[in-house]
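Everything on this sheet refers to the single structure shown next.
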Amino acid sequence: MASLQSLRGMVDLLPEHTPLWQQLESTAREHFRRAAIREIRTPLLEATELFARGIGEATDVVGKEMYTFIDRGDRSCTLRPEGTASVVRAAIQHGLLAQGPQRLWYGGPMFRYERPQAGRQRQFHQIGVELLGVADATSDAEAIAVAWDLLADLGVGGLQLEINSLGTPEDRLRYRAELVAWLEAHHDQLDADSQQRISTNPLRVLDSKNPDTQALLAGAPTLAAALCGDSHERFSQVRQALEALQIPFVLNPRLVRGLDYYGHTAFEITSSQLGAQATVCGGGRYDGLVEQLGGPATAAVGWAIGLERLVLLLSQAQGAIAAAPAPDLYVISRGAAAERLALALCRQGRQAGLVVERDASGAAFGKQFKRADKSGAPWAAVVGEQEAAEGVVVLKHLRDSERQDRRLPIGDLLAQSSLAAALQ
RNA sequence: GCGGGCGUCGCCAAGUGGUUAAGGCAGUGGCUUGUGGCGCCACCAUUCGGGGGUUCAAGUCCCCUCGCUCGCCCCA
């Protein structure tokens, strides 16, 4: 390509697409407002160490997907690959946790160096909720409910909530040992990817997409069986809370999370209407993270929604993207004096709250009227040489040919803010 | 990082080795020195993502490369 273009995996959102994003963002903001969840904005760039310590050195995200570079001060910096670590860092740094539980949300671009595909970009957008300092099982259900209700309100179809419990760190350690032993005993029957993962991340073998492996795993030790009594009890409370809220869910004993900080409740909301990247929302409890990043021991639960995938779902559901909104008034003018008057008229209309589009082409009136018609505006205002000389503006209705043109003194319109009233 | 599919005008899209690369939409100018929606006329890719090669001849065949796309991995 000779001409410049955006980097791979970095997508422009053109004007025809932004209305859907805006709608989605404003709906989310409203849901957060009602849930008394407040917005926090953190930098896109953080010290690399934050993610290494928070997400886990061994994870794929940290190991091979981060945009990391050395800055001019010799610091290792990383474009955030997710939001939770930054939010927790900020909460610790500013002592928010000393002020009681924090109910926070964030949104914005995240960066991961992956091969782009449907619903996955290198710069992608998430909106997420973090409830810090809440340990009760009902908090897990509350966090899930906020996500569920938001997605439902947006009209997303084919949703399914899957939940699992990852137990305590001790539970996972014990289970991991059992599972590795079992996998090694069945090494030869596993697919190549899964064999690889025995040493790198054995829990991930559980959600292998290989059908043979899945069949084999029916005989494997389960995470559920490895949970201690308290973990079981806690998970049961979460389920009861979801039932009380009448939020349908399915237990997925194979659901694990890719980031190291999760424990106890893990959940995903998927849609049958997406392709391979079916997860719209993922989250869970991360009671150890705050302490791991140097803060006070703090229980927490949160989730993130991938906006690209949500947009994919919504544009399917809503069909064609809405056309550009029509202006209330399209202003046509020709000649230096007329154009100055037209400019003032536009400004006046805008100050009165009207959507006003100005034709600045100076082209023949025929052309300007064609564009006025195409804009969808119900009214055209015409200021030509004659009108300018006489100090009037002609208002012409473009949708109803029965209506007479109106000739109004332009001075009155400008002085009295009567333009909006004239367009009735 | 690995696999499959695809790359002709801003968008859609003909073209299956042979003179000047269809057409539609959009755009621009005009028919109509100042009044739209319809219609008509004209203009709008010396070039087929880029670079090599085969051939008398390549958008059409081969190789490399870049990009897009779907999937694997991973994840939201």
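The sequence lines fix the lettering, A, B, ..., with proteins before strands; numbering per chain opens at 1. Excluded from the calculations below are hydrogen atoms, water molecules and symmetry mates; all remaining heavy atoms, backbone and side chain alike, are included.
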Handout entry: Non-neighbouring partners of S231(A) that pass side chain to side chain donor-acceptor pair (under 3.5 Å), sequence neighbours left out
Key = D171(A)
Problem - Distance, rounded to the nearest Å, where R120(A) contributes CZ and rC74(B) contributes P - result: 11 Å
Exercise for the section: For G128(A), report the nucleic acid contact type (base, sugar-phosphate, nothing); a contact means any heavy atom under 4.0 Å. Expected result: nothing
Completion exercise
ring-ring contact (aromatic ring centres under 6.0 Å, His included) pairs touching residues 174-212 of chain A, sequence neighbours excluded, are W182(A)-H186(A)
Handout entry: Same-atom distance (C1') from rA45(B) to rG10(B), integer angstrom
Key = 12 Å
Exercise for the section: Quick one, give me the B/S/- string for nucleotides 32-37 of chain B, reading 5' to 3', where B means a protein heavy atom under 4.0 Å from the base and S means that only happens at the primed atoms, P, OP1 or OP2. Expected result: --BBBB
Could you list the donor-acceptor pairs under 3.5 angstrom formed by side chains in residues 128-135 of chain A, with sequence neighbours left out?
from    : atom 1 : to      : atom 2 : distance (Å)
E130(A) : OE1    : Y286(A) : OH     : 2.4
E130(A) : OE2    : T84(A)  : OG1    : 2.6

Problem - Nearest-Å distance once atom C1' is located in both rC12(B) and rU33(B) - result: 38 Å
Exercise for the section: Using the C1' atoms only, state how far rG53(B) lies from rC70(B), rounded to an integer number of Å. Expected result: 31 Å
Practice task
Quote, to the nearest angstrom, the P distance that separates rC62(B) from rG71(B).
Solution key: 27 Å
Problem - Pairing residues for T222(A) by the side chain to side chain donor-acceptor pair (under 3.5 Å) criterion, not counting sequence neighbours - result: none
Problem - Integer angstrom distance from the C1' of rC9(B) to that of rC48(B) - result: 10 Å
Exercise for the section: Return the value, rounded to whole Å, for the distance between atom CD of E57(A) and atom C1' of rC74(B). Expected result: 18 Å
Exercise for the section: Can you figure out which of rC74(B), rG30(B), rC75(B) approaches the side chain of R309(A) most closely? Expected result: rC75(B)
Practice task
Taking side chain to side chain donor-acceptor pair (under 3.5 Å) as the test, write out the residues that go with Q348(A), two or more places apart.
Solution key: S417(A)
Exercise for the section: Could you give the distance separating rG59(B) and rU8(B) at their P atoms, to the nearest angstrom? Expected result: 15 Å
Problem - Trace of the side-chain hydrogen bond (donor to acceptor under 3.5 Å, both in side chains) decision for T78(A) with T68(A) - result: CA-CA 4 Å; T78(A) 295; T68(A) 296; 2.8 Å; yes
Practice task
With a 3.5 angstrom cut-off on both distances, give the Watson-Crick or G-U wobble partner of rG29(B), or none if there isn't one.
Solution key: rC41(B)
Exercise for the section: Report the C-alpha distance between E46(A) and S86(A) in whole Å, list the side-chain angles of each, state the deciding distance to 0.1 Å, and finish with yes or no for side-chain hydrogen bond (donor to acceptor under 3.5 Å, both in side chains). Expected result: CA-CA 8 Å; E46(A) 295 273 6; S86(A) 299; 3.1 Å; yes
Handout entry: Contact residues, residues 101-114 of chain A to RNA chain B [heavy atom, < 4.0 Å]
Key = R112(A), E114(A)
Problem - Earlier contact from the 5' end, RNA chain B, for L307(A) and S6(A) - result: S6(A)
Could I get a table of every N or O pair under 3.5 Å where one atom is in the protein and the other is in nucleotides 4-6 of chain B?
none

Practice task
Would you check, one step at a time, whether the test salt bridge (charged side-chain N to carboxylate O under 4.0 Å, His left out) holds for E178(A) with R176(A)?
Solution key: CA-CA 5 Å; E178(A) 281 175 36; R176(A) 186 186 159 112; over 6 Å; no
Fill in the blank from the handout: Which of rG67(B), rC75(B), rA76(B) is nearest the side chain of V61(A)? It is rC75(B)
Exercise for the section: In sequence, state the C-alpha distance, the side-chain angles, and the governing distance for E142(A) and R103(A), and then conclude on salt bridge (charged side-chain N to carboxylate O under 4.0 Å, His left out). Expected result: CA-CA 11 Å; E142(A) 183 184 5; R103(A) 302 164 63 84; 2.7 Å; yes
Fill in the blank from the handout: To the nearest angstrom, the CG-P distance between D359(A) and rG27(B) comes to 13 Å
Practice task
Indicate yes or no: does E390(A) engage R407(A) in a salt bridge with an N to O separation below 4.0 Å.
Solution key: yes
Problem - R403(A) CZ: over 12 foreign heavy atoms closer than 6.0 Å - result: yes
Problem - Atom pair OH (Y262(A)) and CG (L255(A)), whose distance is rounded to the nearest 0.5 Å - result: 10.5 Å
Exercise for the section: Whole angstrom is fine here: how far is it from CD1 in I127(A) over to C1' in rC75(B)? Expected result: 18 Å
Practice task
Tell me whether the OP1 or OP2 atom of rG71(B) has a side-chain N or O from Q117(A) closer than 4.0 Å.
Solution key: yes
Exercise for the section: Would you kindly give the CZ-to-C1' distance between R80(A) and rA76(B), to the nearest whole Å? Expected result: 13 Å
Exercise for the section: Give the rounded distance in Å between these two atoms: CZ of F267(A) and P of rC75(B). Expected result: 16 Å
Completion exercise
The residue, R8(A) or A304(A), whose nearest nucleotide of RNA chain B is more 5′ is R8(A)
Problem - Residue list, salt bridge (Lys or Arg N to Asp or Glu O under 4.0 Å) with D373(A), at least two apart or on another chain - result: R399(A)
Exercise for the section: Sorted by first residue and then second, give each ring-ring contact (aromatic ring centres under 6.0 Å, His included) pair with at least one member in residues 108-163 of chain A; sequence neighbours left out. Expected result: W21(A)-H125(A), Y67(A)-Y113(A)
Fill in the blank from the handout: To the nearest 0.5 Å, atom CZ of R29(A) lies from atom CZ of R34(A) at 14.0 Å
Practice task
If rC72(B) has a Watson-Crick or G-U wobble mate with both distances under 3.5 Å, name it; if not, just say none.
Solution key: rG1(B)
Practice task
For E49(A), check side-chain contact (heavy atoms from CB on, under 4.5 Å) against everything at least two apart and list the hits.
Solution key: R53(A)
Handout entry: Euclidean distance, atom CG of residue L7(A) to atom C1' of rC66(B) [Å, nearest integer]
Key = 13 Å
Exercise for the section: Using the C1' atom as the reference point in each nucleotide, state the distance between rU60(B) and rC74(B) in Å, no decimals. Expected result: 40 Å
Practice task
Pick the C1' atom in rC44(B) and in rG24(B), then give their distance to the nearest Å.
Solution key: 14 Å
Practice task
Provide, to the nearest angstrom, the distance between the CD atom belonging to Q121(A) and the C1' atom belonging to rU69(B).
Solution key: 11 Å
What nitrogen or oxygen pairs link the protein and nucleotides 8-13 of chain B at under 3.5 Å?
none

